Amino acid sequence: AKEGGGNRCQSFEPSFHEQIQRRITIEHNLRKAIERKEFVLHYQPQIDTRTNRVIGLESLIRWESPEFGRISPAEFIPVAEESELIYLIGEWALREACHQNARWQEEGRFHVPIAVNLSSRQFYDQKLKEGIEAILTETGMDPQYLVLEITESMTMHVQKALSALRSLKSLGVHVAMDDFGTGYSSLAYLKEFPIDKLKIDQSFVKGIRHHPANASIVSAIISMAASLNLEIIAEGVETMEQLVFLGGQGCGVMQGYWFSHPLEANRVPDFIAKFNAGG
Ligand code: C2E
Ligand code: CA
Ligand code: CA
Ligand code: CA
């Protein structure tokens with residue numbers, strides 16, 4: 001079942017027709033959602049398990065729709081991607097994350113990088129660099145504290161990806177390659193990409209226990225990241241067993257429900273203070 005109080009509660013698979021209908025209605029409502037301020041960012045802590053400190057936050061968008069209840073970004077981002085709406089939503093998320101960073105800065109309680117997910121159309125938008133530059137100026141955000149997450153599957157067109165990456169990196173921001181291991185990107189080009197970190201996809205982390213192949217893939221990704229001088233982070237860490245395995249393989253930075261679900265912004269400062277204090 002979908003989380004939140006959606007008004008459709010079905011125990012059967014929706015028909016093709018129903019799926020199309022829902023898509024159309026979602027797109028229609030997405031247009032209004034921006035003006036009505038129905039989006040909010042939650043932040044999931046990223047932990048360095050060697051020092052037991054929070055060393056980053058990933059922003060994850062949430063849509064509280066009066067019509068549908070809470071809708072997962074996994075459902076509405078792909079819908080937005082099919083229209084120019086993704087530019088508006090993407091820009092909103094970037095601005096909101098940078099503003100939130102500024103507010104936390106003013107409170108002066110912690111200073112950690114914030115990751116923002118980019119969609120494919122956003123990443124290849126010629127105007128993205130300018131837009132980010134404006135947001136950085138507007139919010140006074142230190143570009144080194146902004147991490148842009150792109151997925152591996154977005155880098156299939158190597159030359160286009162390279163030039164988009166170079167353009168963004170010239171701003172001084174960092175780039176992480178998300179969902180790594182699922183996108184069949186050319187390993188030969190990986191070393192050419194000016195990226196800073198790899199995020200091991202959670203499907204591999206999940207499979208560590210029961211599928212020896214997944215454990216081998218995870219080890220291979222970790223050693224490859226080390227040899228390419230890339231930071232590495234594992235996502236979807238839910239168990240102590242996964243934590244121990246990853247740590248043993250040399251991956252110290254992790255994100256997942258084991259440590260924390262994505263949090264509302266106002267809960268982040270307390271979480272970080274308590275976690276860093278060892279509580
Ligand atoms: P993602 O970037 O791969 O984000 C990780 C997803 O895994 C998030 O789902 C997060 O809540 C979830 N997660 C974190 N830890 C665990 C865990 O231990 N176990 C499990 N099972 N899941 C965990 P979420 O927030 O529903 O986001 C889904 C996807 O939607 C994201 O996948 C990303 O592709 C997209 N998305 C989210 N926010 C944005 C955004 O602001 N812009 C864009 N373009 N896409 C976004
Ligand atoms: Ca991500
Ligand atoms: Ca991911
Ligand atoms: Ca994903």
Side-chain angles (χ1 to χ4, degrees), residues 2-4 26 30 33-34 38-47 49 56-64 69-100 113-125 128 131-132 135 146-155 174-183 185 195-209 218 221 232-243 246 253-265:
K2 285 271 173 315
E3 52 184 315
I26 283 179
L30 270 176
I34 299 174
E38 290 168 8
F39 295 112
V40 53
L41 292 184
H42 285 190
Y43 298 86
Q44 189 175 35
Q46 301 174 327
I47 312 296
T49 58
L57 294 165
E58 178 181 12
S59 65
L60 293 155
I61 198 167
R62 300 288 177 260
W63 178 20
E64 298 283 354
R70 178 175 285 185
I71 305 182
S72 162
E75 181 170 15
F76 73 80
I77 292 288
V79 176
E81 267 270 288
E82 287 181 8
S83 70
E84 74 294 348
L85 285 171
I86 193 64
Y87 300 121
L88 297 172
I89 296 171
E91 191 179 334
W92 176 86
L94 277 161
R95 178 171 285 110
E96 176 62 19
C98 293
H99 270 300
Q100 185 58 67
I114 298 186
V116 177
N117 290 284
L118 293 185
S119 74
S120 179
R121 282 179 75 166
Q122 236 187 322
F123 178 55
Y124 287 110
D125 177 10
L128 178 65
I132 294 179
I135 291 170
L146 179 61
V147 182
L148 303 174
E149 292 198 1
I150 60 166
T151 61
E152 191 193 5
S153 58
M154 281 155 55
T155 61
H174 286 201
V175 175
M177 200 179 273
D178 202 358
D179 299 355
F180 191 75
T182 61
S185 79
I195 55 172
D196 304 282
K197 59 172 109 175
L198 293 183
K199 295 187 78 173
I200 304 172
D201 189 66
Q202 43 183 287
S203 60
F204 299 119
V205 174
K206 273 201 180 66
I208 284 171
R209 180 182 191 135
V218 168
I221 294 174
I232 184 93
I233 170 163
E235 62 176 6
V237 177
E238 293 182 353
T239 68
M240 178 59 115
E241 192 184 11
Q242 292 163 346
L243 187 160
L246 290 160
V253 181
M254 305 177 201
Q255 182 182 342
Y257 295 165
W258 176 259
F259 306 98
S260 173
H261 281 251
L263 303 169
E264 286 173 38

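Both ligands and their constituent atoms are indexed starting at 1 by order of listing. Computed from a prediction, not measured in an experiment: that's the story for all the values here.
- Looking only at atom types and distance, the side chain of Glu235 has no donor-acceptor partner in the side chain of Gln255 under 3.5 Å away.
- No N or O atom of Gln122 sits closer than 3.5 Å to an N or O atom of ligand 1.
- Taking every heavy atom of both residues into account, Trp63 and Leu30 meet most closely at CZ3-CD2, 3.6 Å.
- Although no hydrogens or angles enter the test, the distance criterion places no donor-acceptor pair under 3.5 Å between the side chain of Gln122 and the main chain of Leu128.
- The contact set between ligand 1 and Asp179, taken as ligand atoms under 4.0 Å from a residue heavy atom, comprises 3 (O).
- Looking at Leu146 and Ile135, their side chains never come closer than 4.5 Å, going by heavy atoms from C-beta outward.
- Proximity of Gly90 to ligand 1 is not established, as no heavy-atom distance is less than 4.0 Å.
- At the Ca ion (ligand 2), the angle from OD1 in Asn117 to OD2 in Asp178 is 100° when rounded to 10°.
- Smallest separation of non-hydrogen atoms from Thr182 and Ser203: CG2-OG, 4.1 Å.
- Near Glu238, meaning under 4.0 Å from any of its heavy atoms, are these atoms of ligand 1: 17 (C), 18 (O), 19 (N), 20 (C), 21 (N).
- Close approach of ligand 1 to Asp178 is summarised as follows: ligand atoms under 4.0 Å from at least one heavy atom of the residue are 1 (P), 2 (O), 3 (O).
- Ligand 1 has a nitrogen or oxygen under 3.5 angstrom from a nitrogen or oxygen of Tyr257.
- Using a distance-only test at 3.5 Å, with no hydrogens or angles considered, no donor-acceptor pair links the side chain of Arg62 to the main chain of Val40.
- With distances taken over non-hydrogen atoms, the option nearest atom 6 (C) of ligand 1 out of Gln202, Glu96, Glu235 is Gln202.
- Here the shortest heavy-atom pairing between Ala97 and Ser59 reads CB-OG, 4.4 Å.
- Annotation: Arg62 places an N or O atom under 3.5 Å from an N or O atom of ligand 1; distance criterion only.
- Just one of Glu64, Glu38, Glu75 meets the salt bridge (charged side-chain N to carboxylate O under 4.0 Å, His left out) condition when paired with Arg70; it is Glu64.
- Atom OE2 is the N, O or S atom of Glu58 at the shortest distance from the Ca ion (ligand 2).
- In this structure, Val237 and Ile47 have side chains that are not in contact, with every pair of non-hydrogen atoms separated by 4.5 Å or more.
- Annotation for ligand 1: atoms under 4.0 Å from non-hydrogen atoms of Pro262 are 11 (O).
- The nearest N, O or S atom of Glu149 is not closer to the Ca ion (ligand 3) than 3.0 Å.
- Heavy-atom contacts of Leu118 reach the following atoms of ligand 1: 44 (N) (cutoff under 4.0 Å).
- Glu96 places none of its side-chain heavy atoms less than 4.5 Å from the side chain of Phe39.
- Using a 4.0 Å cut-off to heavy atoms of Gln44, the atoms of ligand 1 that qualify are 14 (C), 15 (N).
- When only interatomic distances are considered, the shortest N/O to N/O separation between Gln255 and ligand 1 does not fall below 3.5 Å.
- Going from atom CD of Glu238 over to atom CE of Met254 covers 13.5 Å, rounded to the nearest 0.5 Å.
- By the 3.5 Å distance cut-off applied to N or O atoms, Leu41 is not counted among the residues near ligand 1.
- For ligand 1, the atoms sitting less than 4.0 Å from at least one non-hydrogen atom of Ser119 are 44 (N), numbered in the order shown with element in parentheses.
- Side-chain contact between Ile61 and Ile77 is present, with heavy atoms from C-beta onward closer than 4.5 Å.
- Taking 3.0 Å as the threshold, Asp179 counts as a candidate ligand of the Ca ion (ligand 3), since one of its N, O or S atoms lies below it.
- Minimum-distance N/O/S atom of Glu235 relative to the Ca ion (ligand 3): OE2.
- Asn117 places no side-chain N or O within 3.5 Å of a backbone atom of Glu149 that could act as its donor or acceptor partner.
- By the 4.0 Å heavy-atom criterion, Glu58 is counted among the residues contacting ligand 1.
- Close contacts between ligand 1 and Lys206 involve ligand atoms 21 (N) [criterion: under 4.0 Å to a heavy atom].
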